[in-house]
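Since the structure comes first, as structure tokens, the remarks are kept for the end.
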Amino acid sequence: MIRLKNVSKIYPPNLAALQNVSLHIKPGELVSIVGQSGTGKTTLAKLLFAEEQPTQGEVIIGGWDISKIKATEVPYLRRQLGVVFQDYKLLPQKTVFENVAFALESVGINGRRIKENVSQVLKIVNLADCAHRYPRQLSGGEQQRVAIARSLIHKPKIIVADEPTGNLDTINTHEIVNLLKKINEFGTTVVLVTHNRDIVNHLRRRVITLSDGQIISDEEEGRYRL
Amino acid sequence: MITLFRIIKSAFQHFFRNIWLSLTTVSVLVLTFLILDILLVLNLATNAAISNVESRVDISASFKVGTVTEDVQSAAAYLRSLVEVKEVSIVTPDEALESFKTKHADNPTILASLDEVGGNPFGYQLVIQANSVDNYPTILEALDHPSFRDKIEEKDFSDHELLLNRLSEISYKARLFGSIIFGIFLLIAVIIILNTVRVATFVHREEIAIMRLVGATGWFIRAPYLVEAIIFTLLALIISAAIIIPVSIALDPLFASYFETPAQLKNLFVYQSPIVFGLEFAAMATVCLVSTAVAMRKYLRV
């Protein structure tokens, strides 16, 4: 499902964010990628949804080779992934419904089906009543749930969540993590990038630890050890 | 079809949900359209002033006394056939005499000299107006045509030659200066539009990046902004036309009487409005579309 082989990412002039990273994530796994700030976690996440290209090595995700992907193919890759960001990245001038529907509209799905799917996904994240609100009218936790709803709308096989709880309080953090667990239980592979010790220890799933751009540990049912 | 409908709907949503940014952009475009319209009026005024002065210039060819009417008419017909000639009028000896008497009515000495000469000392005259002051030398050459060259006693062009040459030079410089000013203001207008569109696009840069991250294609992201650019241009054109048309109707009599020309402002902005506003829209929409596409390209590289 996700395979990285000897991947390095060097930013000009000579900043190595990732060095010789290799890993394999199987379908249906929930994997936490942990590490302190500046260890390359976000760079790794960006490689997974093709926001960055590796300087060296091979990144295979859902059959796509990111190191060789063409710019015109990137939207098609992203439609097979769900991505959740720390700062939610919602469209401020669109309502909750429109934010979630946008990804489906862009592929030309008809209005009736969009309405059905969006309503369904908003129910999953418990935001059915907020469909016509704008992001600015929602709390941080609610905004992040909208972002998760948007990431689910294509029924992706993989969700990449880059510090999804970074801007949230404890209660909202647990809500989001439980939501990601629920999504994983339905069979979706979840890659959770975080530096939140409590989340990682609470999940008791596979943990990959990064330090200075290198994998220093990869444990099934791991704990946060930094 | 669904996608096209969504793109148009999305463009209108952008417009109304960012209403202050939209109004700012439209107001800048309205000012740009008005600058273009004012430049057109200035160009019209320059041309009207030059034409007005040029229309006062003519040359006259005096035929020898005794030249028969047929010869004069044949010379007039020949001159009328020239493209350089705008108008040829024939002054009969009687009309020439009458005009002379009227002109010198308050000078008994000159009038008495007519009695001395006895009879009508004037022959036929041809008064010739050219399409442009530059054409007078050609017309003068035409007056040397062998069939009537010997029948012409005098041509008064040489008296005005210096003045006409100067006028021709001034006309040329005035038009050149007008064109340069037009070009400079047009360039300023284009720069204003480019920057306005860039600012409007810059405000949306994060939205553009987000759309890209959730899997929208470049075209699906770009198209609503391009449609929005057309909405901006169209709305600005309607507002500027709503200002310039009544103003041109109101000022037209003043313009016409000042430059002694027929209704030119009204002709430009009312009777020729589909062409004038159509061209303005096409030019402005092209600039807006190109600058939007260029400004967006940077933010679409995610």
Side-chain angles (χ1 to χ4, degrees), chain A residues 45-46 48-53 64 70-85 87-95 97-114 134-136 143 146-156 159-160 162, chain B residues 1-26 197 199-229 231-232 292-294 296-302:
Chain A
K46 283 181 175 176
L48 298 182
F49 52 83
E51 197 179 343
E52 296 285 358
Q53 293 246 318
W64 299 85
K70 292 178 193 159
T72 50
E73 292 172 332
V74 171
Y76 300 96
L77 162 77
R78 287 177 181 165
R79 287 173 202 166
Q80 292 178 21
L81 298 174
V83 187
V84 182
F85 301 93
D87 57 354
Y88 326 127
K89 294 204 188 297
L90 298 176
L91 299 166
Q93 302 296 340
K94 289 191 186 287
T95 63
F97 183 93
E98 288 163 353
N99 262 285
V100 179
F102 179 79
L104 294 181
E105 286 179 349
S106 69
V107 289
I109 290 172
N110 74 58
R112 199 170 52 83
R113 229 182 102 197
I114 289 177
Y134 287 92
R136 62 178 178 276
Q143 289 189 52
V146 177
I148 292 174
R150 181 182 61 189
S151 73
L152 289 175
I153 197 69
H154 278 306
K155 300 184 173 71
I159 285 190
V160 179
D162 184 11
Chain B
M1 196 63 194
I2 293 174
T3 308
L4 182 68
F5 171 74
R6 280 180 187 148
I7 285 168
I8 294 169
K9 185 182 157 198
S10 183
F12 276 98
Q13 273 183 355
H14 280 176
F15 184 89
F16 288 107
R17 291 181 186 179
N18 297 285
I19 192 70
W20 287 110
L21 182 67
S22 302
L23 291 180
T24 309
T25 310
V26 169
V197 170
V199 169
T201 312
F202 180 78
V203 170
H204 293 298
R205 70 194 183 287
E206 280 196 25
E207 269 184 79
I208 295 167
I210 293 167
M211 290 173 181
R212 199 90 170 108
L213 284 173
V214 297
T217 56
W219 171 245
F220 191 77
I221 300 169
R222 200 182 284 121
Y225 290 96
L226 297 178
V227 174
E228 198 184 7
I231 297 171
F232 287 152
T292 303
V294 170
M296 285 193 75
R297 207 169 52 172
K298 186 175 161 189
Y299 307 118
L300 281 170
R301 286 188 204 128
V302 181

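As the structure is a computational prediction, the values presented were derived from the model and not from experiment. Numbers restart at 1 for each chain; the letters A, B, ... are given by sequence-line order, proteins then strands. Scope of the values below: all heavy atoms of this structure, side chains included, with no hydrogens, waters or symmetry mates.
Residue B:M211 holds its CE atom at 13.5 Å from NZ of A:K89, rounded to the nearest 0.5 Å. One distance of note links CD of A:Q93 with CG of B:L21; it measures 9.5 Å at 0.5 Å rounding.
Both the backbone and the side chain of B:T217 come within contact range of chain A, each with at least one heavy atom under 4.5 Å from a heavy atom of that chain. Looking at A:L90, the atoms closer than 4.5 Å to chain B (heavy atoms on both sides) all sit in the backbone: N, CA, C or O. Neither the backbone nor the side chain of A:L81 comes within contact range of chain B; no heavy atoms are under 4.5 Å apart. With a 4.5 Å cut-off on non-hydrogen atoms, B:E206 does not touch chain A at all.
Taking 4.0 Å as the cut-off between side-chain N and carboxylate O, A:E98 and B:K9 do not count as a salt-bridged pair.
The heavy-atom pair separating B:R212 from A:P75 by the smallest distance is NH1-CG, 3.5 Å. Taking all atoms of both residues into account, the shortest heavy-atom contact from A:A103 to B:V214 is CB-O, 3.9 Å. Minimum heavy-atom separation, B:L213 to A:R78: O-CD, 3.5 Å.
Two residues are said to be in side-chain contact when any heavy atoms from C-beta on lie closer than 4.5 Å; B:Q13 and A:K94 meet this criterion.
Proximity of a side-chain donor or acceptor of B:R6 to a complementary backbone N or O of A:S106 within less than 3.5 Å is not detected.
The ring pair (Phe, Tyr, Trp, His ring centres under 6.0 Å) check on B:F220 picks up A:F102, with sequence neighbours excluded. Checked against ring pair (Phe, Tyr, Trp, His ring centres under 6.0 Å), B:F15 has the following partners two or more places apart in sequence or in another chain: B:F232.
Per-residue heavy-atom pair counts under 4.5 Å with chain B were compared for A:N110, A:L77, A:T72, A:V83, and the maximum is reached by A:N110.
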